[in-house]
Amino acid sequence: MSESKYESKITSAACPAAQIYRVLSNMQNLERVKDLIPKDKIQEMEVEPDRVRLKVDGLGQKISIAIVDRIENDTIKFGAEGIPLDAHFWIQLKELNPTDTRIKLTVKADIPFMFKMMVEKKLQQGLDQAAEMLAQFPYGQWGDLRFEI
C-alpha cells in the first residue's frame, strides 16, 4: 500500500472563516442535520463534540470519525477508526475577506493498489461535492450555536 493524497476543488463560502469554523469544529452540530442523512446509508449515529460513531451500510460495523487537531479559523483535522484502511482528512479555511472564505478538503489514505483505480474517481467526486456543499451551507443561520470543547 502507498499513501495517496486527494484534494477537492477550492470552493468559496460567503461568510467569515470564524463562522464556518464554529459550526464545523463541533461534531455535535451534526444533530441539527441528522434528518438530512439517508437512513438507508447510515444508522446508529452517536455524536459527541469531538467524535461521531455510526454504522455505515455495507461496512457491517461501527466506524468512528474524530477531530484530532484544530487550528482556530483555519484547519480541522479528522481521523477515522473502524475502516479497513488508514485514512485522515481535513478541512482548510482561508478567509480572503469577511464575505469570501475559501474551503478545501484533503484526504490522505493508504489504499491498496488493486482498489486504487476503482475508488479514485469516486473519492475525487465525493470530495468535490462535499466541498461544494460546505460552501453553500447556511452558516449564518446557525448564530445561536454554543461552542464547547
Check your understanding: Quick one: does Ile111's side chain get under 4.5 Å of Tyr6's, heavy atoms only?
Key -> yes
Point to revise | Nearest-0.5 Å distance that lies between atom CG in Asn73 and atom CZ in Arg22 | key: 10.0 Å
Point to revise | Nearest heavy atoms of Arg32 and Gln141, plus distance in Å | key: NH2-O, 4.5 Å
Check your understanding: Do Glu81 side-chain atoms and Ser64 backbone N/O form a donor-acceptor pair below 3.5 Å?
Key -> no
Practice item. Report yes if some heavy atom in the side chain of Thr101 is under 4.5 Å from a heavy atom in the side chain of Leu96; otherwise report no. Key: no
Practice item. Please check if the side chain of Tyr139 supplies one atom and the backbone of Leu134 the other of a donor-acceptor pair under 3.5 Å. Key: yes
Exercise for review: Could you tell me whether the side chain of Arg53 reaches within less than 4.5 Å of the side chain of Glu44, counting heavy atoms only?
Suggested key: no
**Study point:** ILVMFWY network linking Ile10 to Tyr21, side-chain heavy atoms under 4.5 angstrom
**Key:** no
Point to revise | For Val23 against Phe137, the heavy-atom pair lying closest together | key: CG1-CE2, 4.3 Å
Review point. Heavy-atom distance under 4.5 Å between the side chains of Leu127 and Glu7, does that happen here?
Key: no
Review point. Taking Asp128 as the fixed residue, which of Gln124, Glu132, Gln125 is the one that meets the side chain to side chain contact (heavy atoms under 4.5 Å, CB included) rule?
Key: Gln124
**Study point:** Closest approach of Ala131 to Lys9 (non-hydrogen atoms, all atoms of both residues)
**Key:** CB-O, 3.9 Å
Check your understanding: Cluster question for you: counting only ILVMFWY and a side-chain heavy-atom cut-off of under 4.5 Å, with indirect links fine, are Phe115 and Ile63 together?
Key -> yes
Exercise for review: Dump the intermediate steps for side-chain contact (heavy atoms from CB on, under 4.5 Å) on Ile91 and Leu105, then the final yes or no.
Suggested key: CA-CA 5 Å; Ile91 301 170; Leu105 308 179; 3.4 Å; yes
Check your understanding: Are there more than 12 heavy atoms of other residues, nucleotides or ligands under 6.0 Å from atom CE of Met114?
Key -> no
Review point. Rounded to the nearest 0.5 Å, what separation is found between the CD atom of Gln19 and the CD atom of Glu95?
Key: 10.0 Å
Practice item. Can you see which heavy atom on Phe78 is nearest to which on Leu24, and at what distance? Key: CZ-O, 4.4 Å
Check your understanding: Quick one: CZ on Arg70 to CG on Asn26, what's the gap to the nearest 0.5 Å?
Key -> 7.5 Å
Point to revise | Under 3.5 Å: donor-acceptor pair, side chain of Asp86, backbone of Asp110 | key: no
Practice item. Tell me, yes or no, whether the heavy-atom count around Lys62 atom NZ, taken from other residues, nucleotides or ligands under 6.0 Å, exceeds 12. Key: yes
Exercise for review: Hey, could you give me the CG/NZ distance between Leu123 and Lys121, rounded to the nearest 0.5 Å?
Suggested key: 13.5 Å
Check your understanding: Distance from Lys104 atom NZ to Gln92 atom CD, nearest 0.5 Å?
Key -> 5.0 Å
Review point. If two hydrophobic side chains count as joined below 4.5 Å and joins carry through other members, does Ile76 share a cluster with Ile65?
Key: yes
Check your understanding: Is a donor on one side and an acceptor on the other found under 3.5 Å between the side chain of Asp100 and the backbone of Ala14?
Key -> no
Practice item. Could you state whether Trp90 and Val68 fall into the same hydrophobic cluster, counting links through intermediate Ile, Leu, Val, Met, Phe, Trp or Tyr residues with side-chain heavy atoms under 4.5 angstrom apart? Key: no
Check your understanding: Would a 4.5 Å heavy-atom cut-off, applied to side chains only, mark Ile20 and Cys15 as touching?
Key -> yes
Review point. In the single-linkage hydrophobic clustering (I, L, V, M, F, W, Y; side-chain heavy atoms under 4.5 Å), do Ile83 and Met27 co-cluster?
Key: yes
Point to revise | Separation between CD1 of Ile71 and NZ of Lys77, rounded to the nearest 0.5 Å | key: 5.5 Å
